[in-house]
Amino acid sequence: MAFRTRRGRVALRAAVAVLLLGGALSACGDDSGGAESNPPTPSIASPTSATASQTAPEDPVAAEKEIRRNWEKFFDPAVSAKGKQALLENGDKMTAVIASFNGDKRGGQVAAHVTKVEFKSPTEAEVTYALTLNGATALPNASGTAVLQKGAWKMSVNTLCALVSLSGNGTPAAGC
């Protein structure tokens, strides 16, 4: 289904965020008792004049392939919560959000397709991707960050927290 108006696209994006992450937020809260805060959002880095060796990993082709595979796998409903933990930066600290996300039946209707990977450093990359809901693009040109952690390329916690913040709940998820 195509939405031709800006209002329709915004409504669809909000609906996807609520569907995907609403359950995750209800299962998590800020256990610190402190004031609520908004999670940081990933930003797009502007190109620099640095050489490729300073802005990319040693094997950028292999790194990009791993980032694409892991990013898309994170959104695969067939991947277990434990499997998603391994694909997320500090995944062991995000178990409640991941378990809720993975347990939501609507999550089985979502997929991600990476369209671009741009290295910001040997250990960080900007990822442009599209989220689909039942095969229809719901969030085109979404942006997030992949980080190299313990030898594996993972979705950054900041990216997951930014997606969680789209739900509009206002309560930061545990770990965000």
Side-chain angles (χ1 to χ4, degrees), residues 2-3 9-10 12-14 16-17 19-21 24 38-95 97-98 101-102 106-167 173 175-176:
F3 285 89
R9 287 190 304 269
V10 170
L12 180 60
R13 288 178 184 161
V16 168
L19 289 175
L20 288 176
L21 302 168
N38 291 326
T41 56
S43 61
I44 298 175
S46 58
T48 65
S49 60
T51 64
S53 64
Q54 295 172 324
T55 60
E58 193 172 305
D59 186 350
V61 173
E64 180 174 342
K65 184 176 180 180
E66 182 180 355
I67 289 167
R68 287 177 181 274
R69 181 183 64 241
N70 289 350
W71 200 277
E72 292 175 5
K73 193 174 179 182
F74 182 85
F75 288 98
D76 183 344
V79 174
S80 69
K82 185 85 170 163
K84 289 183 192 305
Q85 269 186 301
L87 300 169
L88 179 66
E89 175 189 29
N90 301 326
D92 58 331
K93 296 176 184 171
M94 302 295 286
T95 55
V97 173
I98 293 170
F101 177 82
N102 220 35
R106 296 165 293 194
Q109 302 168 346
V110 175
H113 175 70
V114 174
T115 57
K116 182 179 177 185
V117 175
E118 182 178 349
F119 292 101
K120 296 163 69 175
S121 77
T123 60
E124 189 174 338
E126 185 68 31
V127 179
T128 304
Y129 63 102
L131 280 181
T132 60
L133 179 63
N134 284 331
T137 301
L139 286 175
N141 299 315
S143 179
T145 306
V147 295
L148 185 63
Q149 185 179 52
K150 297 179 182 177
W153 283 96
K154 302 178 179 190
M155 177 188 292
S156 73
V157 168
N158 286 349
T159 298
L160 183 60
C161 290
L163 286 171
V164 169
S165 73
L166 289 176
S167 72
C176 287

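On a predicted model such as this, the values are computed, not experimentally measured, just so you know.
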Please find the pair of heavy atoms, one from Gln85 and one from Thr95, that lie closest to each other, and give the distance.
NE2-CG2, 2.7 Å
So how far is it from Asn158 CG to Glu89 CD, rounded to the nearest 0.5 Å?
7.0 Å
Given the options Lys154, Lys73, Arg69, Leu87 meets side chain to side chain contact (heavy atoms under 4.5 Å, CB included) only with Lys73
Distance col, row Lys82:NZ vs Asp92:CG, nearest 0.5 angstrom, shows 8.5 Å
Are any non-hydrogen side-chain atoms of Ile67 and Val127 less than 4.5 angstrom apart?
yes
Compare all side-chain heavy atoms of Leu131 with those of Leu133 and state whether any distance is below 4.5 angstrom.
no
Lys65 meets the salt bridge (charged side-chain N to carboxylate O under 4.0 Å, His left out) criterion, sequence neighbours left out, with none
What pairs with Glu66 under salt bridge (charged side-chain N to carboxylate O under 4.0 Å, His left out), at least two apart in sequence or on another chain?
none
Considering all heavy atoms, the nearest Phe75-Ala112 contact
CD1-CB, 3.4 Å
With sequence neighbours excluded, residues passing side chain to side chain donor-acceptor pair (under 3.5 Å) with Ser121:
Thr123
Taking only residues at least two apart or on different chains, which pairs with a member in residues 126-148 satisfy ring-ring contact (aromatic ring centres under 6.0 Å, His included)?
Trp71-Tyr129
Restricting to side chain to side chain contact (heavy atoms under 4.5 Å, CB included), what partner residues turn up for Asn141, sequence neighbours left out?
Thr128
Distance, nearest 0.5 Å, that separates CD of Glu126 from OG1 of Thr145:
4.5 Å
Qualifying residues under side chain to side chain donor-acceptor pair (under 3.5 Å), relative to Asn90, sequence neighbours excluded:
Gln149
Nearest 0.5 Å please: distance from the CD atom of Gln109 over to the OG1 atom of Thr132.
10.5 Å
Residues two or more places apart in sequence or in another chain: which of them pass side chain to side chain donor-acceptor pair (under 3.5 Å) with Glu64?
Arg68
Which heavy atom in Pro60 sits nearest to a heavy atom in Pro57, and how many Å separate them?
CD-O, 3.4 Å
Which pairs count as ring-ring contact (aromatic ring centres under 6.0 Å, His included) when at least one residue sits in residues 131-157, sequence neighbours excluded?
Phe119-Trp153
Salt bridge (charged side-chain N to carboxylate O under 4.0 Å, His left out) partners for Glu72, two or more places apart
none
Going from CE on Met94 to SG on Cys161, what distance comes out if it is rounded to the nearest 0.5 angstrom?
4.5 Å
Nearest-0.5 Å distance that lies between atom CE in Met155 and atom CG in Leu88
7.0 Å
